[in-house]
Amino acid sequence: MAEYIRCEERGAAAIVTLERPKALNALNVQVLSELYEVMDGLNSRPEVKVVILTGAGEKAFAAGADIASMSQMTPGEAAEFSRTGHRTMDRIASMRPVTIAAVNGYALGGGCELAMACDIRIASTRAKMGIPEVTLGVIPGFGGTQRLPRLVGLGKAVELLATGRPYKAEECREMGLVNQVVAPEELLERCLELAEAISRNSTGAISYGKQCMSTGLELDLARALDFEQRVFALTFTEHDQREGMEAFLQKRPASFR
Ligand code: DAK
């Protein structure tokens, strides 16, 4: 039973909440391990089509890696922390369901990296995001140096890294770090509406499409286009391709698996 992670389900969406509000949901080894287990469990359940990740309390999504515990780490413990963090971020970044970070407050350092590991980020007007690691004499260690430039471009990413300052939600939207900004009281509802719209479509096709996009970004264009052709052909081995096209021709809603 997880101490720091709560999971509730609403239809095809699971809402996963980091539950450590007194420390602004800071990420220690236990939080990261529990998050891995919960996400891994959701990934293996086909009926879960969207996972919404958020933080408990009104102040924070996650204010970063736990500085108090990091400050005491031996090199061995730091290595384990790093492994656990990367394993969790990689688990989230390769989920079959679509993942939405509902950024309800501070998402700093490791918290920002966690939001970036999700597919989509919806922020409340209260959100502040940034990577302040250089103010502590370190660099982002959970994939931030790689995911941030892929999301916002190298120039903006270096600005965030070098200033270490928190950016307001609207600035994050302008630079492409978040998809939408909404009022705090509407945040969860808007994420659930998005989840509902997503869950009407073929989860299998979305998953294939996500794989094409993320793998394609690591390849040169010619190889990426070749990869897309192969994956496109693969969708024709699936029930959802036959069902989606038959449903269109029969003028009825599709019933996807
Ligand atoms: N870690 C631990 N505790 C934290 C925390 C954090 N990141 N952020 C906040 N807290 C705790 C505070 O210590 C305080 O605890 P008490 O004093 O009440 O016991 C409580 O949460 C409330 O925080 P504040 O009193 O500070 O609240 P304020 O509203 O005044 O300020 C704040 C909110 C978010 C501006 C402030 O708390 C803040 O600046 N927090 C730190 C933000 C930060 O620097 N985050 C980045 C952390 S570094 C790596 C892997 C990962 C990383 C690096 C390397 N490797 C594997 C190599 C990642 C690093 C980071 O994420």
Side-chain angles (χ1 to χ4, degrees), residues 2-6 17-36 39 53-94 101-118 121 123-152 156-172 175 177-178 181 184 187:
E3 182 183 354
Y4 291 128
I5 306 293
R6 180 158 45 93
T17 307
L18 304 173
E19 275 286 351
R20 209 190 163 207
K22 283 189 184 149
L24 304 188
N25 303 316
L27 308 168
N28 60 21
V29 169
Q30 188 180 342
V31 175
L32 289 165
S33 307
E34 291 182 3
L35 183 57
Y36 176 91
M39 288 294 197
L53 178 61
T54 193
E58 300 206 326
K59 280 182 76 171
F61 175 77
D66 189 315
I67 300 170
S69 70
M70 274 195 301
S71 70
Q72 305 294 321
M73 280 175 190
T74 63
E77 288 165 343
E80 197 214 326
F81 184 58
S82 178
R83 265 195 307 278
T84 310
H86 273 274
R87 185 165 170 260
T88 304
M89 301 296 159
D90 291 349
R91 171 65 289 177
I92 294 168
S94 61
V103 185
N104 53 313
Y106 289 111
L108 301 174
C112 185
E113 294 175 292
L114 181 58
M116 288 193 287
C118 295
R121 283 149 295 282
S124 99
T125 48
R126 265 207 288 264
K128 287 202 174 141
M129 301 179 74
I131 45 170
E133 281 85 347
V134 297
T135 69
L136 300 166
V138 291
I139 63 167
F142 293 150
T145 62
Q146 303 311 306
R147 292 202 173 95
L148 187 60
R150 282 168 169 77
L151 280 170
V152 304
K156 205 69 199 175
V158 173
E159 182 189 315
L160 265 79
L161 170 83
T163 65
R165 84 167 168 90
Y167 287 69
K168 291 182 185 151
E170 201 48 51
E171 292 179 282
C172 294
M175 71 174 94
L177 181 53
V178 303
V181 178
L187 180 61

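Indexing begins at 1, ligand by ligand and atom by atom, following the structure's order.
How far NZ of K156 is from CE of M175: 5.0 Å, rounded to the nearest 0.5 Å. Remark: E58 CD to S124 OG distance equals 9.5 Å, nearest 0.5 Å. Taking CE of M129 as the reference point, atom CG of L177 lies at 4.0 Å (rounded to 0.5 Å).
Closest approach of R121 to A115, counting heavy atoms only: NH1-O, 2.8 Å.
Residues E80 and R83 are not paired through a salt bridge, judged by the lack of any N-O separation under 4.0 Å between the basic side chain and the carboxylate. Ion pair R165/E171 flagged as a salt bridge, since at least one NZ, NE, NH1 or NH2 atom sits closer than 4.0 Å to an Asp/Glu carboxylate oxygen.
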Could you tell me, for ligand 1, which of its N or O atoms are under 3.5 Å from any protein N or O, listing the pairs and their distances rounded to 0.1 Å?
| residue | atom | partner | partner atom | Å |
| --- | --- | --- | --- | --- |
| ligand 1 | 1 (N) | A65 | O | 3.4 |
| ligand 1 | 1 (N) | I67 | N | 2.9 |
| ligand 1 | 7 (N) | A63 | O | 3.0 |
| ligand 1 | 7 (N) | A65 | O | 2.9 |
| ligand 1 | 21 (O) | K22 | O | 3.4 |
| ligand 1 | 27 (O) | K59 | NZ | 3.4 |
| ligand 1 | 29 (O) | K59 | NZ | 2.5 |
| ligand 1 | 45 (N) | A63 | O | 2.9 |
| ligand 1 | 61 (O) | A65 | N | 2.8 |
| ligand 1 | 61 (O) | G110 | N | 2.8 |

